[in-house]
Amino acid sequence: MEIESNFIKTIIEDDLANGRVNAVVTRFPPEPNAYLHIGHARAIITNFELAKMFEGKTNLRFDDTNPVKEDASFVEAIKEDIKWLGYQPANIFFGSDYFEKTYELAIRLINKGLAYVCELSQEEMSKYRGTLTEPGKESPYRNRSIADNLTLFQAMREGKYKDGEMTLRAKIDMASPNINMRDPVIYRIIHITHHNTGDKWCIYPMYDFAHPLQDAIEGVTHSLCSLEYVDHRPLYDWFIEKCETEHIPHQYEFGRLNITNTIMSKRYLKQLVDTKVVNGYDDPRMPTLAGLRRRGYTPEAIRDFVLGTGLSRINSTVSNEMLENSLRNDLLGKTKRMHVVSEPIKVTITNYPSDTPEKIVSSCNPDNEDLGERTIYFGKQLYIEKADFLPEAPDKHWRRLSIGLEVRLMHGYFIKCHNVIYDENQEIVEIECTYDPMTKSGSGFKERKPNGTIHFVEATTAVVASFNLFEPLLVDSDSDRPLIDRINPNSWEVRTGFVEPALEEAKPGEKFQFVRNGYFAADYDTTPQKPIFNRIVELKSRFK
RNA sequence: UGGGCUAUGGCCAAGCGGUUAAGGCAUCGGACUUUGACUCCGAGAUCGGUAGUUCAAAUCUACCUAGCCCAGCCA
C-alpha cells in the first residue's frame, strides 16, 4: 500500500516539478520524554513514506532542548519503536548536537539588533505580553545596546545567573495579533544536567528558535508538524530569514489522528500507569506502540491503517473498527488457524469404537499452504464451545448444535446430539452425540448437509491454557465525562480453556487465528506448561 | 470579543471550473462457504448555509454559521 493522494504529497510534487527542491528530506522529531503511541505512528509513517515515495530521506531527530523533561531511556525506546514499525532513519541526530551552532545564530540575531536580554520575571513578562485582544507592551530591557546584550548573553552562558533570572528574546512586534510574535523567549537558563550534553550548557534554546534552525542545518525540505503549530509558522520563517541560514526549510501542518475510545494524551497515559489501572506502558490495552506490540498488533496493520485514514488539515477521530479491520486483513493470510475452546462443554461420542483418539493431519491455513500442517485428534471425549450448543434450536437460522441436529466438526466428523446430561442445578454438564464415520473431513462425503460447522478439541490430548480478552480501556466514546469515570471495568478478562496440543509450542509473540474465536498472540510470559494468549482482535461476525 | 485553521454520506477521505461526486471503514440486502470468518454482488451524499461570478461550481468571490487552536522562561 502506498500513501494516498493528500495535500502534502501534492505540495512536494509541485516543489519537485518547479525545482524548488531537488530531493526530499523529512524528519521525525520526538522529544525523548514519553513512549510513542499510535498517534505518533501517523507522523512517523507520513514522514518516512513521503520521503521514500520521492526517493528522499528521513532523519530521526530527538528534539531535546528542555533537559528538565527528558531522559535517555526514552531515546532507546523510541528507536526501537521506529525500527519495529519497519523504518530506518537516514540519520539519527539530537537537537542538542546543534547547541553551539544555535548559540552562534542567537549572537547573530543580537548583532543585527534583533534579540535582547530581558530581565522581566515570568509573571511580569506575562503581563507585558498583553491578551488575545489587546496588544502587548515593550519590555524596558528591549533597547539595550548590542554590546550590552552580547555581554549579558555571554554571562548567561557562563552560568552567572540563576534559573529564570533573565532570558534572551527575539525583538519582533509586541503589538502583533499573533501572540507568538510578541518578542518570544528564545533562550532560558536551566541549571540541570542534560541527558546528552551533561553540564556543558546552562542556557537552552526554546523549541520555536531551535526547531527551524535544526531543520535548516539538516537540510530538511518539508518539516511536517501538527495543526497547533500553524500560528508558529510566521515565527519559524522569521528565524530562518533573520538567521540567514544557507538552507531554507518550510513547515507544513496536518491534523492529529484520534481513535474512538482511545486515550493518546501523555497526561492520561501517565495517569493510567500511575494509578495502576494498567500494568505499565506496555500493557496490552495501551495505545503505546509497546503496548500494541505486546497485544499482538502488527506493524503492517498499523501502517495499513495509517495510510488508509489519509491525511488532511483536520483533527480526525477515526473509528477503532478501522484499525481492527487492518489487523484482520493482515493476520488473515499469515496466521495458522488453530482449534481452541475458550468456554468448554464436554461432549461424549457414544458410538466411538475406541478409547484411544485418532490422529488427523490438517492444514494450518487452507488459504496459505506454506503454513504447513499439524496433527489434531478426534476421539470419544471432546470439548466444544458452550455457545455452540443449545438443547433446542432457537430458530431456523441456528447453524450450530442442538438435540436432533447434526453439525460438522471442523477437520473431524459430523456429529448428532441425542442427549443432554444436567446436574442438580439444571446446568448442562455433558452432551451425548453420535458420529458418522462416513463423514470424515476430506472424504468428500456429500450425501447430506450438516447444520453448520463448529470447532472442537479432543479432551485427552487438549492442553489447558489461559486467554486474556481485552476491551477498550474507555467506554462512552462521545462522552465529555472525565476520563477516570469512563474507565471500562471489563477491559481485561481472563479465561481458562483448552487448546489443541500443537499450541504448546507457541513462541512468545507468535500470532494465530483461533478458529471462530479471533486472532491471538502468545504472550511474552507463555510456557509449554501454561500457555497464555492475548486476544489481538475478534473475528467479524454477522451472527445476531 | 484579536488572530489563525477547518467544514464533502455514520467515521475517515479523494476531488483543485465541465466526471453518473473515487476509495476505505461501518451499516443494510443477497450469493458462496468445512470459520455466522474470507470472498463476491448490490444499496446510500449534490458537497455547512445564503448570495454572486460563469454557458458550466464541491471546486472562484462575498457574507453568514459551526468547530478547533493561540496569552509556558513546554514541545
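A, B, ... follow the sequence lines: proteins, then strands. Residue 1 opens every chain. Hydrogens, waters and symmetry mates are skipped; everything else that's a heavy atom, side chains included, is used. Owing to the predicted nature of the structure, the values given are computational and were not obtained by experimental measurement.
When only modelled atom types and interatomic distance are considered, Y383(A) and E343(A) share no side-chain donor-acceptor pair under 3.5 Å. With 3.5 Å as the limit, one finds a donor-acceptor pair spanning the side chains of E158(A) and Q154(A). No side-chain donor-acceptor contact under 3.5 Å links Y128(A) and D183(A). Side-chain contact of S226(A) with E228(A): a donor-acceptor pair under 3.5 Å is present, judged by distance alone.
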Between F94(A) and H195(A), does a side chain to side chain contact (heavy atoms under 4.5 Å, CB included) hold up when you go through it step by step?
CA-CA 11 Å; F94(A) 290 87; H195(A) 79 96; 3.7 Å; yes

Please walk me through it: do D14(A) and R20(A) pass side chain to side chain contact (heavy atoms under 4.5 Å, CB included)?
CA-CA 8 Å; D14(A) 201 53; R20(A) 279 192 290 273; 2.8 Å; yes

What's the verdict on side chain to side chain contact (heavy atoms under 4.5 Å, CB included) for M410(A) and S441(A), showing C-alpha distance, side-chain angles and the deciding distance?
CA-CA 7 Å; M410(A) 187 186 281; S441(A) 176; over 6 Å; no

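Salt-bridge formation is detected for the pair R233(A)/E253(A): a Lys NZ or Arg NE/NH1/NH2 atom is positioned less than 4.0 Å from an Asp or Glu carboxylate oxygen. Taking the charged nitrogens against the carboxylate oxygens, E500(A) and K336(A) have no contact shorter than 4.0 Å, which rules out a salt bridge. A salt bridge is absent between R516(A) and E385(A): the closest approach of a Lys/Arg side-chain nitrogen to an acidic carboxylate oxygen does not fall below 4.0 angstrom. Using a 4.0 Å cut-off between charged nitrogen and carboxylate oxygen, R448(A) and D436(A) count as a salt-bridge pair. Between D97(A) and R61(A), none of the side-chain N atoms (NZ, or NE/NH1/NH2) sits under 4.0 Å from a carboxylate O, so this pair counts as no salt bridge.
Running 5' to 3' along RNA chain B, contacts with non-hydrogen atoms of chain A at under 4.0 Å begin and end at U1(B) to A75(B).
Going from the P atom of G17(B) to that of C74(B) covers 46 Å, rounded to whole Å. With C1' as the reference atom, C5(B) and A43(B) are 37 Å apart, rounded to whole Å. When the P atom is compared between A71(B) and A62(B), the two are found 29 Å apart, to the nearest whole Å. A distance of about 25 Å separates the P atoms of A13(B) and U19(B), rounded to the whole Å. Remark: the separation of the P atoms in C16(B) and C11(B) is 24 Å, to the nearest Å. A58(B) and G3(B) have their P atoms separated by 31 Å, given to the nearest Å. A45(B) and A31(B) are spaced 25 Å apart, taking the P atom of each and rounding to whole Å. With P as the reference atom, A51(B) and C68(B) are 28 Å apart, rounded to whole Å.
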Would you sketch RNA chain B in dot-bracket for me? Only Watson-Crick or G-U wobble pairs with both distances under 3.5 Å count, crossing pairs as [ ], other-strand pairs as |, the rest as dots.
.(((((((.[[[..)..(....]]].(((((.......)))))....[[[[[..)....]]]]])))))).....

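Screening residues 170-179 of chain A for side chain to side chain donor-acceptor pair (under 3.5 Å), with sequence neighbours left out, gives N178(A)-N180(A).
Listed in residue order, the members of residues 170-179 of chain A having a heavy atom less than 4.0 Å from RNA chain B are P177(A), I179(A). Near RNA chain B, meaning a heavy atom under 4.0 Å away, the residues from residues 59-71 of chain A are D63(A), T65(A), N66(A), K69(A). Of all the residues in residues 360-378 of chain A, not one reaches under 4.0 Å from RNA chain B with any non-hydrogen atom.
M125(A) comes within 4.0 angstrom of a base, heavy atoms only. Among the heavy atoms of the strands lying under 4.0 Å from L332(A) are primed sugar atoms or P, OP1, OP2 only; no base atom is included. G442(A) comes within 4.0 angstrom of a nucleotide base, judged by non-hydrogen atoms across all strands. Using a 4.0 Å heavy-atom distance criterion, Q122(A) is classed as a base contact. If you check every strand for non-hydrogen atoms under 4.0 Å, N6(A) touches sugar and phosphate atoms only. Among the atoms of the strands shown, only primed sugar atoms or phosphate atoms (P, OP1, OP2) are found under 4.0 Å from some heavy atom of L311(A). R400(A) comes within 4.0 angstrom of a base, heavy atoms only. Here S441(A) lies in heavy-atom contact (under 4.0 Å) with a base. Note on H211(A): nothing from the nucleic acid sits closer than 4.0 angstrom, heavy atoms only. Contact annotation for R516(A): base contact, defined as any heavy-atom pair under 4.0 Å involving a base atom. Using a 4.0 Å heavy-atom criterion, one finds that R129(A) contacts the sugar-phosphate atoms exclusively. Nucleic acid contact for Y229(A): base, since at least one base atom lies under 4.0 Å from a heavy atom of the residue. Heavy atoms of E253(A) sit nowhere under 4.0 angstrom from any nucleic acid atom. Heavy atoms of S319(A) sit under 4.0 angstrom from primed sugar atoms or phosphate atoms, though from no base atom.
Heavy-atom distances to RNA chain B give each of L120(A) and I454(A) a nearest nucleotide, and the one nearer the 5′ end belongs to I454(A). For R188(A) and T309(A), each mapped to the nucleotide of RNA chain B holding its nearest heavy atom, the one lying further toward the 5' end belongs to T309(A).
Between Y35(A) and Y281(A), the angle of the ring planes stays under 30°, which puts this pair in the parallel group of the 30/60° scheme. F533(A) and F512(A) have perpendicular rings, their planes meeting at more than 60° on a 0 to 90° scale where under 30° would count as parallel. Ring pair Y252(A)/H250(A) is tilted by interplanar angle, where 30° to 60° counts as tilted.
Glycosidic conformation at G72(B) (O4'-C1'-N9-C4 for purines, O4'-C1'-N1-C2 for pyrimidines): syn, within 90° of 0.
Of all heavy-atom pairs spanning A216(A) and P249(A), the tightest one is N-CG, 3.8 Å.
Of the listed residues (L327(A), T298(A), L539(A), D330(A)), just one forms a side chain to side chain contact (heavy atoms under 4.5 Å, CB included) with Y519(A), and that residue is L539(A).
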